[in-house]
Amino acid sequence: MIINRFPISWQSCLSLLGFTATITLAGCTSMVNVPAPDTKPINTPHSASTDNPVSNANSFTGCPPFNPKNTICTMQYDPVCVKVTTNSGTSSRTAGNACSACGTQEAIGYVKGECL
């Protein structure tokens, strides 16, 4: 008496393998073509202004009026030196990027690069 150790025949395995390959390949042909994201910078009221044209990389850029409801910043690290008002005048601190530099009411403006 011979006992079949495999409950599925090898022909069934090949059929199942062929079916799986067909479904996999069919799924690849029906992929949706997704357009590339728009990477141009978002224009804020301040960036659209021509009052402060940028003449070089270290020019002072004034912060737009603070509005926490319209401020969402990304986490990229592109350090800037931000000038802020304090009780005793003004001071400077390094911020992670221009958006986070202008993320408080005390921010006046910034220059590109870390504070010295």
Enumerate, atom names and distances included, each donor-acceptor pair closer than 3.5 Å involving a side-chain atom of residues 63-70, sequence neighbours excluded.
from	atom 1	to	atom 2	distance (Å)
Asn67	OD1	Lys69	N	3.2

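Residues Asn97 and Thr74 come closest through the heavy atom pair ND2-O, 3.1 Å. Val82 approaches Ala101 most closely through the heavy-atom pair CG2-O, 3.4 Å.
A search for side-chain hydrogen bond (donor to acceptor under 3.5 Å, both in side chains) contacts involving Gln105 returns nothing, not counting sequence neighbours. Among residues two or more places apart in sequence or in another chain, the side-chain hydrogen bond (donor to acceptor under 3.5 Å, both in side chains) test is passed with Thr90 by none.
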Requested in this report: Run the numbers on Val80 and Val111 for side-chain contact (heavy atoms from CB on, under 4.5 Å), then give the verdict.
Outcome: CA-CA 6 Å; Val80 295; Val111 293; over 6 Å; no
Query raised in the report: Could you walk me through whether Tyr110 and Cys81 pass the side-chain contact (heavy atoms from CB on, under 4.5 Å) check?
Result: CA-CA 5 Å; Tyr110 60 90; Cys81 183; over 6 Å; no
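Pairs of residues two or more places apart, or lying in two chains, that qualify as salt bridge (Lys or Arg N to Asp or Glu O under 4.0 Å) and include a residue from residues 76-88 are Asp78-Lys112. Within the structure, salt bridge (Lys or Arg N to Asp or Glu O under 4.0 Å) pairs that include any residue of residues 85-97 do not occur (at least two apart or interchain).
Side chain of Thr94 to backbone of Cys115: a donor-acceptor contact under 3.5 angstrom is found.
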